[in-house]
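Residue numbering restarts at 1 for every chain, and letters A, B, ... go by the order of the sequence lines.
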2 protein chains.
Amino acid sequence: MTITIKDVAQAAGVSPSTVSRVISDHPRISEETKNRVRGVMQELGYHPNLQARSLVVRSTETIGVVMPNSASKVLEDPFFPEVLRGISTKAREHQFGIYLSTGATEKEIYDEVVQMVQGRRVDGIILLYSRTDDKIMKYLLEKKFPFTVVGRPFENAERITFVDNDNTSITKQVTTHLIDLGHKEIAFLGANTEFVFTIDRLKGYKQALEEAQIAFNEDYIIPDAFLQDEQLAEEKMKQLLALPNRPTAFVIKDDFLAIQFISFFNSIGIRVPEDISMVGFNNITLCEYSHPPLTSVDIHIFRLGLEGANCLIEMLKNPDTLPKRITIPGQMIYRKSCQEKV
Amino acid sequence: MTITIKDVAQAAGVSPSTVSRVISDHPRISEETKNRVRGVMQELGYHPNLQARSLVVRSTETIGVVMPNSASKVLEDPFFPEVLRGISTKAREHQFGIYLSTGATEKEIYDEVVQMVQGRRVDGIILLYSRTDDKIMKYLLEKKFPFTVVGRPFENAERITFVDNDNTSITKQVTTHLIDLGHKEIAFLGANTEFVFTIDRLKGYKQALEEAQIAFNEDYIIPDAFLQDEQLAEEKMKQLLALPNRPTAFVIKDDFLAIQFISFFNSIGIRVPEDISMVGFNNITLCEYSHPPLTSVDIHIFRLGLEGANCLIEMLKNPDTLPKRITIPGQMIYRKSCQEKV
DNA sequence: TTGAAAGCGCTAACAG
DNA sequence: CTGTTAGCGCTTTCAA
């Protein structure tokens, strides 16, 4: 039925091994045989069975991409497609395929990763997130399976190759910018002790306050959990605004959320930036089109993915590659959502 | 090094085939042996090599997902992550993995699909788009390789299983809504004769005009090509607004674009909906937060993906499944971006 | 420069 | 209920 290397061999009057050598363009096969065999392959419509090949050469030429949670609304944030675009670009360049995790819960994802690894579905893995207590990372480390992470590993960073933004310093910069504009009551929306990037950002936020000798106020820190649901978020926001020293500036986890709040503020008669200054993260296209256009941090998501894939492929091609950290600089993009405190 | 079925067999004092049977929970193996073998597997940390398994059973339990163009900005539109979320959900339910295309050009994608198919990387394919002259679809059809498409195939629809919105009728409804509000000069932004969904929508648009006995005006149809670039888009828009009978209502390819235009209009002093009514497609979360909130069509992207995967898996499990069409109804979500023509 | 043979890790008749 | 045997389609020594 399906045509194999044997059929080609027979039709070309050579042995299967010769055909195999032609496929890999082995130097010690005469041009003549090569041409003949290639002709036959063409004629018969032969295409190698990569499965079988993988089994013997022990490599699949595919990389596994693990998302935090494929089933959640999280994916509405363009972070994911954009980072995937970066990964794709680099993978394609090296003829690697992409195998995607589908798990919804941490347990599911873990099981999937084990399948990818032990089932030899992939040669290496890219983790698209980093949490504080990550079993998957530990498993991969223990198995000595090649992987890179987009984000900063909470533990064992010296043994892991990862690509990350300078989340702490960029958030410090953002916060300082707000402080320089005269703001002292600065809220931080979307704190989450589970994900490392948030921890880093919160640290930068605190550093900026400290340097400016502004007291840290726990009330100004709004956990992510309160912001998932629209109702809850608006409720929480009202509480925040009802505070005696209500914040006049917001540092917000991502642009998506920021844009939602801008709209909410518009609807309840609070003006941005006159009453409240805001800055988001990710610099999505829509920042430019919000009302007012949103000041944001470009974290170069595409490059994050590109470099993540690049490092992994490097490791795959040369197993001796040492762990390293690549830092993609973030960049504030000034638009119209911040102004001096009046 | 890596532990195989043989090692387990030896350690458990049974034959490899018995171990294999235990893995697949074969009914004719005694509970006792099963338990013993399982114990050994646990102990040794055995995990089956799916690669080898695939080779003999001729199935990979993975589905290939083909995107129009992984490298383009297209992906900023949340369509892609959302449809993928639907696919993931169904795939996971049936323990299928996902293999993603990475190609940037049509040729690259074609080659990749051939690799997936002939290289036995996947059991079936989901096409996330449908274009008028699609070589990939033809190839798949010719190879009799299982696939489904999200969208309506331009040709051979009777031989293909696909899941689609009722793009024609929903766009007719949208347009009629605008007509009912008194609009006669209605523009259609984002026409593209390459993609079938746009063709269908344009058809619905025309039907509505015809029924209302409004003459079709070519000037009101703006091809997608003009809208990719921001500069170009705004240029084109100005031309459109400079027309003697300038349009008072817009039907817009997707919400993303619509939100951009709302912002543009705000910036040049055109009011939505007072001066211009707009309706978009996809009903992304941000519709609610645009200014004004955008009337849109919910095309149920998640379900599109879910059903696409469902049909494919069905075909995979039962090869005799006949081709069918599944229609996911679209739904207008009325917000504040349309009003009666004054 | 090429062929023969062994084997990657697993499954599936066919026996027993 | 379980073992033996023969492959799946390919690569890779080892010989020639």
Side-chain angles (χ1 to χ4, degrees), chain A residues 1-41 44-62 114-123, chain B residues 1-41 44-62 114-123:
Chain A
M1 187 82 269
T2 134
I3 122 106
T4 79
I5 218 171
K6 275 187 189 167
D7 303 316
V8 177
Q10 197 156 39
V14 295
S15 76
S17 35
T18 301
V19 177
S20 173
R21 289 184 181 111
V22 172
I23 292 171
S24 53
D25 203 20
H26 192 112
R28 286 211 291 267
I29 297 284
S30 70
E31 279 309 315
E32 195 214 316
T33 355
K34 276 189 187 169
N35 287 333
R36 186 153 41 90
V37 173
R38 285 190 183 125
V40 174
M41 295 199 314
L44 266 49
Y46 169 78
H47 193 100
N49 182 327
L50 302 174
Q51 198 107 273
R53 176 168 205 285
S54 290
L55 186 58
V56 24
V57 302
R58 305 176 128 61
S59 97
T60 57
E61 308 281 284
T62 108
V114 173
Q115 266 225 350
M116 288 190 202
V117 173
Q118 318 249 38
R120 321 256 137 169
R121 281 201 190 284
V122 303
D123 294 344
Chain B
M1 186 84 268
T2 133
I3 122 106
T4 79
I5 218 172
K6 275 185 188 167
D7 304 315
V8 177
Q10 198 156 39
V14 296
S15 77
S17 37
T18 300
V19 177
S20 172
R21 287 183 183 112
V22 172
I23 292 171
S24 53
D25 203 20
H26 191 112
R28 286 209 291 265
I29 298 283
S30 71
E31 278 308 315
E32 194 214 315
T33 355
K34 275 189 188 172
N35 286 333
R36 184 154 41 90
V37 172
R38 285 192 184 124
V40 175
M41 295 199 314
L44 266 49
Y46 169 78
H47 193 100
N49 182 326
L50 302 174
Q51 199 107 271
R53 176 168 205 285
S54 290
L55 187 57
V56 26
V57 302
R58 304 175 126 63
S59 99
T60 58
E61 308 281 285
T62 110
V114 173
Q115 265 224 350
M116 288 192 204
V117 173
Q118 319 248 38
R120 323 258 137 166
R121 280 203 192 283
V122 303
D123 293 344

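The distance from atom CD of B:Q51 to atom P of D:dT11 is 13 Å, rounded to the nearest whole Å. Computed from coordinates, the A:L55 CG to D:dC8 P distance equals 14 Å when rounded to whole Å. The nearest whole Å value for the distance from the NZ atom in A:K6 to the P atom in D:dT11 is 14 Å. Atom NE2 of B:H47 and atom P of C:dC10 are 10 Å apart (whole Å). Computed from coordinates, the B:R121 CZ to D:dG9 P distance equals 17 Å when rounded to whole Å. Following rounding to the nearest Å, A:Q10 (CD) and C:dG3 (P) show an atom-to-atom distance of 13 Å. When the C1' atom of D:dC10 is taken as reference, atom CD1 of A:I23 falls 8 Å away, rounded to whole Å. Computed from coordinates, the B:L50 CG to C:dC8 C1' distance equals 15 Å when rounded to whole Å.
Under the 4.5 Å side-chain criterion, counting only non-hydrogen atoms from C-beta, B:L55 is not in contact with B:R120. Counting heavy atoms from C-beta outward, B:I23 and B:R53 have side chains that stay 4.5 Å or more apart.
Checking the phosphate oxygens (OP1, OP2) of C:dG3, a side-chain nitrogen or oxygen of A:T18 falls inside 4.0 Å.
Here the closest heavy-atom approach between residue B:P27 and residue B:K34 is recorded as CA-NZ, 4.3 Å. Across all their heavy atoms, B:H47 and A:Q115 have their closest contact at NE2-CA, 3.9 Å.
Contacts between residues 25-38 of chain B and DNA chain D, counted as heavy-atom distances below 4.0 Å, involve B:R28, B:I29, B:S30, B:T33.
The residue A:R21 sits close to a base: some heavy atom pair falls under 4.0 Å. Residue A:S17 is in base contact, counting any heavy-atom pair closer than 4.0 Å across all strands shown. Residue B:V14 is in sugar-phosphate contact alone, with no base atom involved, counting any heavy-atom pair closer than 4.0 Å across all strands shown.
Of the listed nucleotides (C:dG9, D:dC10, C:dT11), C:dT11 has the atom at the smallest distance from the side chain of B:R53. Comparing C:dG3, C:dC10, D:dC10 against the side chain of A:T4 picks out D:dC10 as the nearest. Candidate nucleotides C:dC8, D:dT4, C:dA4 were compared by shortest atom distance to the side chain of A:R58, and C:dC8 ranks first.
Considering only residues two or more places apart in sequence or on other chains, B:S17 meets the side chain to side chain donor-acceptor pair (under 3.5 Å) condition with B:S15.
For the atom pair CD1 of B:I3 and CE of B:M41, the computed distance is 9.5 Å after rounding to the nearest 0.5 Å. In this structure, the separation between CD on B:Q10 and CG on B:L44 is 10.5 Å, given to the nearest 0.5 Å.
Distance alone, capped at 3.5 Å, places no donor-acceptor pair between the A:N35 side chain and the A:E32 backbone. Side-chain atoms of A:R21 do not come within 3.5 Å of backbone N or O of A:R28 as any donor-acceptor pair.
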query: Between A:T18 and A:I29, is a side-chain contact (heavy atoms from CB on, under 4.5 Å) present by the stated rule, with each step listed?
result: CA-CA 8 Å; A:T18 301; A:I29 297 284; 4.1 Å; yes
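Comparing the helix axis at one end of the helix from C:dT1-D:dA16 to C:dG16-D:dC1 with that at the other, each defined from 5 consecutive pairs, gives an inter-axis angle of 40° (nearest 10°).
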